[in-house]
Student: 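Here it is: the structure, laid out below.
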Amino acid sequence: MTSHALPASKRVYRGQDSATRADERRQRLKEAGLALFGTRGYANTTIEALCSEAKVTARHFYEEYPSREALLMAVYNDILQDLSAGVLQAVLASNASMDEQIELGVKAMVKHYLKDRRRARVGVLEVVGVSETMERARRHAINTMAGLFEQFMAQLAARGELPQRNHHLLCVALVGGLNELLADWLMAEKPLSIPKLSAEVGAILRLVMKGLR
């Protein structure tokens, strides 16, 4: 009688095939990465600590991520994806007034970045100076967010609320400035409350738009 072994991805253990278990391990490792990179910091977090937090073995860690930096990149990408989706929703609210769109954008930043300081710490502080690869990812993220700002300004220009011009460099400067503002907030001994910080961000954006007019 011929034996037909199931492929590894289809073998079932405790009701789950190996692909499902691998997905769950990746998710647990990303949650562990956010928890530890966002509190201890990337430099102070070992692979052993990540495995202990995620309840996986070192072998399973390396099956999912080739390095600690690869896990940091995965956590960073998830944070940026959530933030970009929230900001894009604000940008696409083309029937809203400029002030309403700014308010929506700030709310998106608060929801996806500030309510969990770990996300802000990873996105603003822990990815800096890690490697050339991470720096390229960080530059790409800044330019992606700047592109969303450009879309917003292009809408305003089309409605006659801003002059028609190339806003790219201004948008890069805005994103960089907001990053520095958040870095200062994260490192302050007595940081502003989130509502006060949100109000400051909104005020800065409105002043910039007013100046462009």
Side-chain angles (χ1 to χ4, degrees), residues 20 22-42 45 50 53-54 64-65 67-94 96 100-128 130-131 133-153 155 171-172 174-187 191-202 204-205:
T20 300
D23 285 343
E24 290 190 349
R25 283 195 297 269
R26 279 193 295 274
Q27 187 58 38
R28 291 205 308 274
L29 282 165
K30 285 193 288 186
E31 289 169 359
L34 177 62
L36 299 184
F37 298 151
T39 53
R40 299 181 186 182
Y42 175 73
T45 299
L50 290 163
E53 181 76 16
E64 307 307 335
Y65 297 102
S67 65
R68 190 171 52 116
E69 183 180 327
L71 176 58
L72 176 65
M73 184 74 80
V75 174
Y76 184 50
N77 286 338
D78 279 359
I79 291 169
L80 291 174
Q81 186 175 16
D82 286 348
L83 177 63
S84 297
V87 174
L88 181 61
Q89 189 174 11
V91 169
L92 294 177
S94 55
E100 288 170 335
Q101 282 181 284
I102 288 174
E103 184 70 18
L104 287 170
V106 172
K107 283 182 178 179
M109 185 179 73
V110 169
K111 178 180 178 181
H112 297 286
Y113 227 24
L114 301 183
K115 282 190 175 177
D116 188 341
R117 286 175 64 99
R118 301 173 306 172
R119 293 164 70 87
R121 177 169 172 174
V122 171
V124 174
L125 297 178
E126 297 305 322
V127 296
V128 177
V130 171
S131 69
T133 299
M134 189 62 71
E135 186 59 23
R136 284 194 296 270
R138 198 172 74 86
R139 297 306 311 167
H140 177 72
I142 287 172
N143 278 279
T144 297
M145 293 303 298
L148 294 178
F149 273 85
E150 285 185 78
Q151 283 184 249
F152 173 51
M153 291 184 176
Q155 282 183 1
C171 292
V172 171
L174 274 173
V175 174
L178 288 174
N179 261 4
E180 284 304 304
L181 186 154
L182 292 178
D184 189 72
W185 177 72
L186 286 164
M187 299 181 74
L192 290 176
S193 67
I194 288 178
K196 286 184 178 179
L197 179 65
S198 302
E200 284 295 312
V201 171
I204 290 167
L205 294 176

Student: Between Leu34 and Lys30, is there a side-chain heavy-atom distance shorter than 4.5 Å?
Tutor: no

Student: Considering residues at least two apart in sequence or located in another chain, which fulfil the salt bridge (charged side-chain N to carboxylate O under 4.0 Å, His left out) criterion with Glu64?
Tutor: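 Partners of Glu64 by the salt bridge (charged side-chain N to carboxylate O under 4.0 Å, His left out) criterion, ordered by chain and then number, come out as Arg25, Arg26.
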
Student: Looking at CG of Leu36 and CG of Leu72, how far apart are the two atoms once the value is rounded to the nearest 0.5 Å?
Tutor: 12.0 Å

Student: Is there a side-chain contact (heavy atoms from CB on, under 4.5 Å) between Arg139 and Thr144 once you walk through the steps?
Tutor: CA-CA 9 Å; Arg139 297 306 311 167; Thr144 297; over 6 Å; no

Student: Counting N and O atoms only, with roles assigned by atom type, does the side chain of Arg118 sit under 3.5 Å from a partner on the main chain of Thr39, one being a donor and the other an acceptor?
Tutor: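 Flag not set: sc Arg118 to bb Thr39 has no pair under 3.5 Å.
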
Student: Which atom names give the shortest non-hydrogen contact between Arg119 and His112, and what distance separates them?
Tutor: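 Nearest heavy atoms, Arg119 then His112: NE-O, 2.8 Å.
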
Student: Would the number of heavy atoms belonging to other residues, nucleotides or ligands and lying under 6.0 Å from CD of Gln81 be above 12?
Tutor: no

Student: Do Val201 and Val110 come within less than 4.5 Å of each other through their side chains, counting heavy atoms only?
Tutor: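 With C-beta onward as the side chain, the pair stays apart.
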
Student: For residues 180-187, which side-chain N or O atoms pair as donor and acceptor with protein atoms under 3.5 Å away, sequence neighbours left out?
Tutor:
unit_1	atom_1	unit_2	atom_2	d
Trp185	NE1	Leu192	O	2.8

Student: Measure across Phe149 and Cys171 and return the closest heavy-atom pair with its distance rounded to 0.1 Å.
Tutor: CB-SG, 3.6 Å

Student: Would you check if Glu53 and Leu29 make a side-chain contact, meaning some heavy-atom pair closer than 4.5 Å?
Tutor: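 Not in contact.
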
Student: After noting the C-alpha distance and the side-chain angles of Arg121 and Phe37, does the key distance pass the side-chain contact (heavy atoms from CB on, under 4.5 Å) rule?
Tutor: CA-CA 8 Å; Arg121 177 169 172 174; Phe37 298 151; over 6 Å; no

Student: Check Tyr65 against Ala74 and note the closest heavy-atom contact, atom names and distance.
Tutor: CE2-CB, 3.7 Å

Student: Just checking Gln27: does its CD atom have more than 12 heavy atoms from other residues, nucleotides or ligands closer to it than 6.0 angstrom?
Tutor: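 Counting neighbours around CD of Gln27, more than 12 heavy atoms of other residues, nucleotides or ligands fall under 6.0 Å, so yes.
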
Student: Closest approach of Ala141 and Leu80, non-hydrogen atoms and distance?
Tutor: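 That would be CB-CD1, 3.3 Å.
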
Student: Quick one: NZ on Lys196 to CD on Glu200, what's the gap to the nearest 0.5 Å?
Tutor: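 Separation between the atoms: 10.0 Å.
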
Student: For Arg28, is there an ion pair with Glu31 - N to carboxylate O distance below 4.0 angstrom?
Tutor: no

Student: The criterion is side-chain contact (heavy atoms from CB on, under 4.5 Å); which residues satisfy it with Glu69, sequence neighbours excluded?
Tutor: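 Checked Glu69 against side-chain contact (heavy atoms from CB on, under 4.5 Å); matches are Tyr42, Ser67, Val130, Ser131, Thr133, Met134.
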
Student: How long is the gap from CE on Met109 to CE on Met145, to the nearest 0.5 Å?
Tutor: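 So the CE of Met109 and the CE of Met145 are separated by 9.0 Å.
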
Student: Nearest 0.5 Å, what's the CG-CG distance between Asn179 and Leu125?
Tutor: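 Answer for the CG-CG pair, Asn179 versus Leu125, is 9.0 Å.
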
Student: For the CD atom of Glu103 and the CG atom of Leu205, what is their distance to the nearest 0.5 Å?
Tutor: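 CG of Leu205 is found 10.5 Å from CD of Glu103.
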
Student: Just how far is it from atom CZ of Phe152 to atom CD1 of Ile102, taken to the nearest 0.5 Å?
Tutor: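 Taking CZ in Phe152 and CD1 in Ile102, the distance rounds to 4.5 Å.
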
